There are 2 protein chains.
Amino acid sequence: MAQPKTQPKQGDTAKDRILDSSVGLFGQYGYEATTARKIAEAAGVPVALINYHFGSKEGLYRAVFEKRAPAIYDQRVVGLQLARSEPDWDRRVELVVKALIVPMFGLRNGSDDGAFGRILARELSDPSSEGRGIFRELFDPVAEMMLDALGECFPEWTQAEVNWAYQTMLGAMMIVMMDIGRIARLSGGTADSSDPEAAAVHIVAILTAGLKHRDRSQTKHMQ
Amino acid sequence: MAQPKTQPKQGDTAKDRILDSSVGLFGQYGYEATTARKIAEAAGVPVALINYHFGSKEGLYRAVFEKRAPAIYDQRVVGLQLARSEPDWDRRVELVVKALIVPMFGLRNGSDDGAFGRILARELSDPSSEGRGIFRELFDPVAEMMLDALGECFPEWTQAEVNWAYQTMLGAMMIVMMDIGRIARLSGGTADSSDPEAAAVHIVAILTAGLKHRDRSQTKHMQ
DNA sequence: AAAAAACTTGAACGCTTGTTCAAGTGCTAT
DNA sequence: ATAGCACTTGAACAAGCGTTCAAGTTTTTT
């Protein structure tokens with residue numbers, strides 16, 4: 001590789017360089033532990049430029065999400081359209097699962113290096129994020145579309161069953177995005193989160209089967 | 001309830017009060033954003049006591065894990081013994097899944113309020129945690145036991161299949177522990193992560209079915 | 001070519017961070 | 001009683017934080 005990991009191209013504007021450099025740092029160290037000076041150094045600009053272009057550190061943080069989220073939204077919408085046009089029921093369930101997972105894992109193939117997924121995982125597990133409202137604004141809409149699609153696949157399920165199924169899928173996806181080597185360590189290298197295709201195939205297989213064959217006897221009357 | 005959430009009892013020693021107060025704060029704000037002074041204030045002691053008793057802020061952080069992890073370890077071991085003694089194969093798979101999930105969700109019933117689960121989720125998604133080695137020391141051993149038990153349930157599976165199955169289970173569990181209201185928001189209140197029994201029943205049902213019925217055609221020859 | 005706007009810079013600001021220190025308190029064992 | 005030890009305290013420390021500012025440079029508009 002010609003360039004180190006998340007180092008931005010030299011030709012971009014300073015604003016873009018800040019934006020791109022911060023993704024890797026926010027993902028690696030978290031919002032609090034990522035200092036403005038580290039970002040500025042990585043981008044090769046003075047610290048003051050962050051506040052000039054983004055108002056504040058949190059403004060930059062939001063800008064990172066606002067730049068990356070739409071692509072995921074679009075890919076999920078396309079994935080769900082594909083699922084709805086699938087007449088075969090078995091394949092349809094699998095396509096819904098893939099509509100959730102593939103757009104996220106696809107990131108790791110690009111120059112992203114999984115950093116954005118790690119930021120997402122952090123933001124999801126951070127109670128302070130409620131105040132920021134990033135998930136509510138940028139990801140809840142597509143989550144509701146996913147829930148509708150799931151409900152169409154299983155019309156007899158209760159709302160709670162549909163939602164817990166969605167969260168189970170989300171969690172399985174999340175743990176791959178968060179991983180930083182523990183999966184490879186535990187598996188002796190046979191499973192590796194940095195191979196997103198392999199991870200996706202395994203997880204989709206388990207989740208699809210889980211949805212299609214779940215035992216509802218304990219849950220369907222849970223009100 | 002007589003006492004507010006994670007407020008420690010007055011009778012405990014100062015060391016215990018620091019330890020107990022910090023769990024909630026680390027869970028709520030994360031390691032970096034939790035300041036020594038906030039912890040000291042919550043425990044009702046001067047800041048200097050943290051360094052006296054635990055050496056450093058990270059020392060306190062480690063102490064939190066070292067205090068809470070053994071209980072989870074023990075409960076998982078018992079759960080796996082129970083699973084191994086179950087002759088019925090279907091029920092055995094379910095018991096292995098439960099051996100992973102129940103000890104974790106059980107925490108939310110106690111005075112813990114889910115804070116420790118949130119710390120775990122953060123630590124798992126924090127690349128800096130590799131340096132601390134908390135997971136490697138405290139949770140990898142029982143993870144390997146879980147993997148062995150899973151492998152016994154499905155002797156024909158490859159190592160990768162066993163490991164991805166385990167990670168899928170772990171992720172589904174993690175997302176409930178991380179949750180801070182999004183599940184209730186998305187589900188209109190019909191699914192709620194603060195009701196651990198209900199969450200456990202749904203997730204165990206999906207995961208058990210996913211393990212038993214997964215399609216191996218795409219994965220069994222993945223080397 | 002002149003004026004305006006946008007961008008860049010290095011230094012400085014006030015504040016908070018984790019940690020240290022010397023002094024003081026209270027129990028425990030001799 | 002008294003020496004010893006563990007514990008507690010409030011004040012102080014240097015370092016680092018996000019942000020601001022006035023001055024400079026570059027680009028765009030008139």
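Order of the sequence lines fixes the chain letters, A, B, ..., with proteins taken first and strands second; residue numbering starts at 1 for each chain. The structure displayed is predicted, hence computed values, not measured ones.
- With rounding to whole Å, A:Glu32 atom CD is found 15 Å from D:dG16 atom C1'.
- Rounded to a whole Å, the CG atom of A:Leu25 is 12 Å from the P atom of D:dC17.
- Scanning DNA chain C 5' to 3' for nucleotides with an atom closer than 4.0 angstrom to a non-hydrogen atom of chain B gives a first and last hit of C:dT17 to C:dC21.
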If you look only at distance, which donor and acceptor atoms sit under 3.5 Å apart when one is on a side chain in residues 73-81 of chain A and the other is two or more places apart or in another chain?
unit_1	atom_1	unit_2	atom_2	d
A:Arg76	NE	A:Leu100	O	3.0
A:Arg76	NH2	A:Leu100	O	3.1

Derivation and outcome, salt bridge (charged side-chain N to carboxylate O under 4.0 Å, His left out), residues A:Asp20 and A:Lys67: CA-CA 10 Å; A:Asp20 291 340; A:Lys67 183 182 179 186; 2.9 Å; yes

Protein-nucleic acid N or O pairs under 3.5 Å, nucleotides 4-8 of chain D:
unit_1	atom_1	unit_2	atom_2	d
D:dC7	OP2	B:Tyr52	OH	3.3
D:dT8	OP2	B:His53	NE2	2.7

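- Both cation-pi conditions hold for A:Lys15 and A:Phe54: the charged atom is under 6.0 angstrom from the six-membered ring centre and inside a 45 degree cone around its axis.
- Nearest heavy-atom pair, B:Ser125 versus A:Ser125, reported as atom, atom and distance to 0.1 Å: OG-OG, 4.4 Å.
- A cation-pi arrangement is absent between A:Arg182 and B:Phe139 under the rule of less than 6.0 angstrom and at most 45 degrees off the ring axis.
- A:Leu60 places its CG atom 15 Å from the P atom of D:dC17, with the value rounded to the nearest Å.
- Nucleotide D:dG18 holds its P atom 8 Å from the OH atom of A:Tyr31, rounded to whole Å.
- Taking only side-chain nitrogens and oxygens, A:Thr35 comes nearer than 4.0 Å to OP1 or OP2 of D:dC17.
- In this structure, A:Arg132 forms a cation-pi arrangement with A:Tyr31, its terminal cationic atom sitting closer than 6.0 Å to the ring centre and no more than 45° off the ring axis.
- No donor-acceptor contact under 3.5 angstrom links the side chains of A:Thr208 and A:Glu94, judged on distance only.
- At least one cation-pi condition fails for B:Lys57 and B:Phe26: the charged atom is not both under 6.0 angstrom from the six-membered ring centre and inside a 45 degree cone around its axis.
- In summary, the side chains of A:Glu123 and A:Tyr61 do present a donor paired with an acceptor at a separation below 3.5 Å, with no hydrogens or angles considered.
- Mapping A:Lys38 and B:Val47 onto DNA chain D by nearest heavy atom places B:Val47 closer to the 5' end of the strand.
- Contact of A:Arg37 with D:dG16 (side chain to base): no donor-acceptor pair of N or O atoms is detected under 3.5 Å.
- Taking atom CG of A:Asn51 as the reference point, atom P of D:dT19 lies 5 Å away to the nearest angstrom.
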